[in-house]
Amino acid sequence: APREADFLSQANLITFFMYVLDSSGYASHDKEYSVDNLNKMGFTWVLSRFAMEIFKYPKMYSTIKIDTWIEDIGTIVSTRNFRVYDESGEVIAQATSYWSMINLQTRRPVNLLESPFKDAPINPEKNDMSRPAKILEIKGEKASETTVKCSDIDFNIHTNSARYVKWQIDTYSLDDFKDRQIKRFDINYLQEALYGESIEVFKEQLLPKKYHVAVGLSFRAQNTDTEK
């Protein structure tokens, strides 16, 4: 749809990211471990790491298909993979994510092997990509700052995962995207950002085509790596 496209008439990265994440919600919506059912039991899902490789961005008005599956279930973390196809069946993107279940009251992790998720179907197939990277502390300079607002908050009463992608993208200029595109990005979600908190965004160039962006509360919280 036009509202989801960027100035190149293709899906912007925020939209693409949300499509992929939303597919996991649709895949589990009618299951005992859906976020709706977990909320009734006092639990919820949180994303801890995410990596996405993009081979081609969907064009405006085009149709895509997303396959998603659970690769494994550990004590604290479960791996979920994604594969995105265009209208011709070509793979245009892939992603791997790490998820944890937390107690809504204590905000502490739940043992997945003792949760409603323990019997979820597993497909051990891996994507042909490296795992979500552990991102080191940034040493760059402040690129921007903002405050967490009402529109940033999701159903877990913390900042929506996609907002970190937006804050990262906004450290680049329009000219940066005229002849280059982000081909891969990794995110580590280290701490919740809550309503009213002040956010600082720091950016460091590691290589000619690789940047490290940290979004957080005084150097704490979400780190991202991007390659263009």
Side-chain angles (χ1 to χ4, degrees), residues 13-14 16-29 31-35 37-39 43-54 66-84 93-104 106-138 154-168 182-193 212-216 220-227:
L13 185 58
I14 304 165
F16 209 175
F17 174 76
M18 287 304 298
Y19 282 164
V20 170
L21 278 197
D22 285 349
S23 71
S24 64
Y26 285 115
S28 62
H29 181 65
K31 307 293 193 303
E32 185 181 7
Y33 50 84
S34 72
V35 70
N37 287 329
L38 288 180
N39 284 172
F43 307 118
T44 195
W45 288 110
V46 292
L47 183 60
S48 60
R49 289 191 194 179
F50 183 91
M52 185 172 180
E53 293 184 348
I54 303 165
I66 303 175
D67 286 344
T68 181
W69 66 95
I70 301 162
E71 180 187 318
D72 60 44
I73 300 174
T75 305
I76 300 298
V77 175
S78 174
T79 303
R80 176 178 281 276
N81 295 322
F82 306 86
R83 196 170 292 151
V84 187
Q94 58 184 357
T96 295
S97 58
Y98 296 162
W99 297 80
S100 293
M101 188 183 298
I102 64 169
N103 183 300
L104 284 170
T106 65
R107 314 303 284 189
R108 302 297 299 169
V110 172
N111 185 338
L112 294 176
L113 301 179
E114 298 176 356
S115 76
F117 186 62
K118 65 182 185 298
D119 296 320
I122 293 175
N123 174 359
E125 180 181 0
K126 293 178 171 61
N127 273 327
D128 185 20
M129 61 182 289
S130 58
R131 312 302 270 180
K134 180 178 181 179
I135 302 173
L136 302 177
E137 184 175 358
I138 193 170
D154 66 13
F155 56 83
N156 283 325
I157 321 298
H158 63 197
T159 299
N160 185 286
S161 303
R163 286 298 188 270
Y164 301 100
V165 180
K166 178 184 184 301
W167 291 333
Q168 178 265 132
I182 292 175
K183 298 299 185 182
R184 173 173 173 133
F185 68 97
D186 293 66
I187 302 181
N188 293 181
Y189 293 94
L190 306 179
Q191 180 182 353
E192 296 178 297
H212 185 178
V213 182
V215 179
R220 299 172 300 160
Q222 288 38 259
N223 290 344
T224 70
D225 266 354
T226 59
E227 294 183 8

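Values in this document were obtained by computation on a predicted structure and should not be read as measured data.
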### Task
Start with the C-alpha gap between Arg49 and Lys134, add the side-chain angles, then the distance that decides, and say whether side chain to side chain contact (heavy atoms under 4.5 Å, CB included) holds.
CA-CA 8 Å; Arg49 289 191 194 179; Lys134 180 178 181 179; 3.5 Å; yes
### Task
Please determine if Asp128 and Lys126 form a salt bridge, counting it only when a charged side-chain N lies under 4.0 Å from a carboxylate O.
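A salt bridge is absent here (no side-chain N lies under 4.0 Å from a carboxylate O).
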Is the backbone of [Y] close enough, under 3.5 Å, to the side chain of [X] for a donor and an acceptor to pair up by distance?
| X | Y | value |
| --- | --- | --- |
| Ser100 | Ile76 | yes |
| Ser34 | Asn37 | yes |
| Asp67 | Arg83 | no |
| Asn39 | Phe43 | yes |
| Thr79 | Tyr98 | no |
| Trp69 | Glu125 | yes |
| Asn123 | Glu71 | no |

Taking the side chain as every heavy atom from C-beta outward, state whether [X] and [Y] have any pair of such atoms under 4.5 Å apart.
| X | Y | result |
| --- | --- | --- |
| Asn81 | Thr68 | no |
| Ser97 | Leu47 | yes |
| Trp99 | Val77 | no |

### Task
Let me see the working for Val213 and Trp167 under side chain to side chain contact (heavy atoms under 4.5 Å, CB included), right down to the final yes or no.
CA-CA 9 Å; Val213 182; Trp167 291 333; over 6 Å; no
### Message
Can you list everything that forms a side-chain hydrogen bond (donor to acceptor under 3.5 Å, both in side chains) with Lys166? Sequence neighbours excluded, please.
### Response
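side-chain hydrogen bond (donor to acceptor under 3.5 Å, both in side chains) check on Lys166 returns Asp170.
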Quick check: closest heavy atoms across [X] and [Y], and the distance to 0.1 Å?
| X | Y | value |
| --- | --- | --- |
| Leu38 | Tyr33 | CD1-O, 3.5 Å |
| Met129 | Ala51 | CE-O, 3.6 Å |
| Ala95 | Asn127 | O-ND2, 3.0 Å |
| Ile54 | Ala93 | CA-CB, 4.2 Å |
| Ile66 | Ser23 | CG2-OG, 3.5 Å |
| Asp186 | Ala133 | OD2-N, 2.9 Å |

### Task
Nearest 0.5 Å please: distance from the CD atom of Glu32 over to the CZ atom of Phe117.
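Here the interatomic distance stands at 12.0 Å.
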### Query
How long is the gap from CE on Met52 to CD1 on Ile187, to the nearest 0.5 Å?
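Separation between the atoms: 10.5 Å.
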### Query
Where do Thr75 and Leu112 land on the side chain to side chain contact (heavy atoms under 4.5 Å, CB included) test, with the steps shown first?
CA-CA 5 Å; Thr75 305; Leu112 294 176; over 6 Å; no
Listing, residues 156-163 side-chain donor-acceptor contacts under 3.5 Å, not counting sequence neighbours, or none:
unit_1	atom_1	unit_2	atom_2	d
Asn156	OD1	Thr44	OG1	2.6
Asn156	ND2	Trp45	O	3.2
His158	ND1	Glu192	OE2	2.8
Thr159	OG1	Ala193	O	2.7
Asn160	OD1	Ala162	N	2.8
Arg163	NE	Asp152	OD1	2.6
Arg163	NH2	Ser151	O	2.4

#### Entry: Stepwise side chain to side chain contact (heavy atoms under 4.5 Å, CB included) test for Ile102 and Arg108
CA-CA 5 Å; Ile102 64 169; Arg108 302 297 299 169; over 6 Å; no
### Task
Quick one: sort the Phe82 and Phe50 rings into parallel, tilted or perpendicular, breaks at 30° and 60°.
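Correct class here is tilted.
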